[in-house]
Amino acid sequence: MLRLQDSPSDGARPAHQRCDPVTLEIIRGAIRAAQAEMEALIERTAISAFIREKKDFYTGLFDAQGVMAVGSMVPVFGDMVGPVIKHFPLETMKPGDLYWYNDCYGSRGAVSHSNDQVLIAPVFQDGERRAFVMGWAHFADIGGMRPGSISPDTTDIFQEGVIIPPTKLIDQGVTNEATLSIFHRNSRFPAQSLGDMRALMASVELGATRVQEILTRFGGDIVQDALDQLLTRTRNLVRRKLSETFSYGTHRFTDAIDSDGHGHGPFRMRFALTREKGADGEDKFVFDATETDDQAFGPVNFLMNPGVPGMALGLYYLGGDPAQVCNAGGPQALDEVRLREGSLLWPKFPAPLGMRGLTMMRVLAALNGLVNVAGGGAPAAHAAYVITLMRGTYRSEAGKLEPFLLADGIGVGYGARPFADGIDAVYFVAQENYPVEFLELGYPVRLRAYGVVRDSGGAGRYRGGCGILREYEILAEEAMFGVRVDGVKNPPWGIAGGMTGGAGRVTLNPGSPEEYAIPPLSDGTKLKRGDILRIETGGGGGHGHPFDRPAETVLEDVLGGFVSVAAAKNFYGVVVADGAVDAAATQALRANRPETRAFHRNEYVDALV
């Protein structure tokens, strides 16, 4: 067993507080504004669609020791600066340096698939290192087995593109152009790679400038004290919330993904969180995932940095409060994280990782489940966002065959909350679905339909969010199609009487003699001009007994296209006729209230195993 334990700050404060409460809030706003400006620059100047339109990027600011001071609301990252410090000691860093990596195993999961490029720069004031800034973005193609670099077919990480260990890209203002040339040469779309790298480098440079301005305005010691206070504030808040949720003892939850795309599965993640008294009499929180199944042959392994569970729980407890800061206080709230080498969540090199988002999304749902079994009020399970990869050739206006790569992530339904419906048609956090106009202008496809998938949201007092329907007409001459859909055999669970979310599916030429159900985690399906491709993504689980949902709310769902007339009757006990509720028939149906149990995944159960 691999025991991974960070050394969280003890929260000790100096006798004299150098940063007063008013200045603290000003600095908090200033560093968050600097981060937002970095993100805006990436979005406006990047070339590839996955960054510019999908917004698959991330920025962060760190203190002088590399501890995250403020980051985006993306709960899948851990120690980002540590891999750089390991290779380049702090005392060797100089103003104008810039470091780069995408090495998943070398960074202990700080990045978890190779498409993600990380740039980190130290920030100095009067010759003293005071902070770090970071930019991170998903690059569309970095080489590997297939265009797009990620594929369900891969069996080791070498098939997923070039690996960059922590490298000094800029040495005191002088760029290592040869290193960049090697990287761009490994991409099938080098101009796109070059443009994205320039955008990312410019974002980090802007971030360093803004942090230097903050340091000049307030002074390095005051800024450092402010960051320390914000870190302690977040850590204490998360620990207090953990204490309110988890009683003493061990709490367990199990969830599963369907397959690795190579005929193996399901793969179960088994989590335990223990609250106990430490030797010092203080509470100790230990997260344990060592009973998780062994690593997969296919690319669904998730090299989970030890900071991820605490970051995810921290973001749940912060609850989007704008007065709080996403920082390392979340990971530091857990005293120990235990992972097992060789498992799905800590695989051995060189296991493939490209489709790790599927497992990552199930990890986040399982953490919700862990909160719920302890008596907390987390949402029901969400679906895992769908990834599609279409690569091929189209004929330009000049009649020349040109290559194209359409890599897309399509939104899903999120789990219902104890007080509200789940969110419909969401990709992931702040990231977005491609607009129709963008798709049709930029790629050889025409969208025939775009909407929600009726009945995909799990029934409940609060309905699970619905998935997305997209139907494409293929205008390319030919293409190869890869797809990642999960939750077909193990769909998102409902809770407290709420029901399972609907499963996703992909169909080629639906309703025709050539209709073909594309396997949910597969690659290599051939497409030709004129084919119709229908993609339906999954929905989130419901919360609470469906019969407790007001009949008028069910009617609104029916009229809005979220729930069918049949589902309203069968699951909610609401009879809709001629656009109105049949009150008498509904009352008769709801008189026979079905019994429920704690969870629902295809059927009601007391626990998921």
Side-chain angles (χ1 to χ4, degrees), residues 73 75 237-238 240-247 251 253 255 273 312-324 326 330 361 364-383 411-430 452 455-467 491-502 538-560 562-563 567-568 571-574 590 593-594 596-601 604 608:
M73 298 297 183
L237 182 149
V238 175
R240 184 174 73 251
K241 293 290 187 179
L242 286 170
S243 298
E244 293 171 359
T245 302
F246 293 92
S247 59
H251 308 264
F253 190 80
D255 212 333
L273 194 145
L313 289 167
L315 287 176
Y316 165 70
Y317 287 125
L318 292 176
D321 182 352
Q324 301 297 334
C326 168
M361 294 299 288
L364 299 179
L367 288 170
N368 283 348
L370 196 60
V371 170
N372 282 321
V373 296
H382 49 262
V412 294
Y414 273 60
R417 295 156 285 182
F419 55 87
D421 291 347
I423 305 171
D424 303 303
V426 174
Y427 175 55
F428 181 52
V429 193
V452 298
D455 295 333
S456 57
R461 165 63 182 87
Y462 296 106
R463 173 180 55 78
C466 288
W493 40 265
I495 189 169
M499 301 183 74
T500 294
H543 193 291
H545 200 298
F547 277 29
D548 291 334
R549 189 169 180 83
E552 290 302 319
T553 304
V554 176
L555 176 62
E556 290 177 7
D557 285 342
V558 171
L559 297 178
F562 296 94
V563 174
F571 298 131
Y572 293 94
V574 175
R590 287 190 159 184
R593 183 183 177 92
T596 65
R597 296 163 81 176
F599 294 96
H600 186 273
R601 172 172 275 161
Y604 284 111
L608 298 175

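Note that the structure is a prediction, hence the values are computed from the model and not measured.
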- Message: Under a 3.5 Å distance rule, please check whether Tyr572 uses its side chain to pair with a backbone N or O of Ala567 as donor and acceptor.
- Response: no
- Task: Go through the structure and list residues passing side chain to side chain contact (heavy atoms under 4.5 Å, CB included) with Arg461, not counting sequence neighbours.
- Result: Asp548, Pro550
- Does Ala381 offer a backbone N or O that forms a donor-acceptor pair with the side chain of Asn368 under 3.5 Å? no
- Task: Please answer whether the main-chain N or O of Gly538 pairs with a side-chain N or O of Ser456 as donor and acceptor at a distance below 3.5 Å.
- Result: no
- Which pair of non-hydrogen atoms, one from Gly415 and one from Pro379, has the smallest distance, and what is that distance? O-CB, 3.8 Å
- Message: Which heavy atom of Asn372 sits nearest to which heavy atom of Ala378, and what is that distance?
- Response: OD1-N, 3.0 Å
- Message: Would the distance check show the side chain of His382 and the main-chain N or O of Met361 forming a donor-acceptor pair, the cut-off being under 3.5 Å?
- Response: yes
- Item | Test item: Leu273 and Leu313 side chains (from C-beta on) under 4.5 Å apart, heavy atoms | yes
- Query: To the nearest 0.5 Å, how far apart are CG in Leu608 and NE2 in His600?
  - Reply: 11.0 Å
- Query: Any idea which heavy atoms bring Pro491 and Gly501 closest together, and the distance?
  - Reply: CB-O, 3.5 Å
- Query: Got Asp255 and Arg601 here, is their nearest side-chain heavy-atom distance under 4.5 Å?
  - Reply: yes
- Ala312 and Leu367 have their tightest heavy-atom pair at CB-CD1, 3.6 Å
- Item | Tyr414 vs Val412, side chain to side chain contact (heavy atoms under 4.5 Å, CB included): CA-CA, chis, key distance, verdict | CA-CA 7 Å; Tyr414 273 60; Val412 294; 3.9 Å; yes
- Query: Between the main-chain N or O of Pro594 and the side-chain N or O of His545, is there a donor-acceptor pair closer than 3.5 Å?
  - Reply: yes
- Looking only at heavy atoms, what is the nearest atom pair of Ala380 and Gly541, with distance? CB-O, 3.5 Å
- By side chain to side chain donor-acceptor pair (under 3.5 Å), Thr245 pairs with (sequence neighbours left out) Tyr317
- Note on the structure: When every non-hydrogen atom of Val452 is compared with those of Cys466, the smallest separation belongs to CB-CB, 4.1 Å
- Message: What I'd like to find out is whether the side chain of Gln324 reaches to under 4.5 Å of the side chain of Leu315, using heavy atoms alone.
- Response: no
- Message: Pair Phe599, Val373 - check side chain to side chain contact (heavy atoms under 4.5 Å, CB included), show working.
- Response: CA-CA 10 Å; Phe599 294 96; Val373 296; 3.8 Å; yes
- Check: Phe246 and Leu370 side chains under 4.5 Å, non-hydrogen atoms: yes
- What residues form a side chain to side chain donor-acceptor pair (under 3.5 Å) with Asp421, not counting sequence neighbours? Arg549
- Query: Do Asp424 and Phe562 pass the side chain to side chain contact (heavy atoms under 4.5 Å, CB included) test, and can you show the C-alpha distance, the side-chain angles, and the key distance before you say yes or no?
  - Reply: CA-CA 9 Å; Asp424 303 303; Phe562 296 94; 3.5 Å; yes
- Message: Working to the nearest 0.5 angstrom, can you tell me the gap between Tyr462 OH and His543 NE2?
- Response: 9.0 Å
- Message: Would the distance check show the side chain of Arg463 and the main-chain N or O of Gly457 forming a donor-acceptor pair, the cut-off being under 3.5 Å?
- Response: no
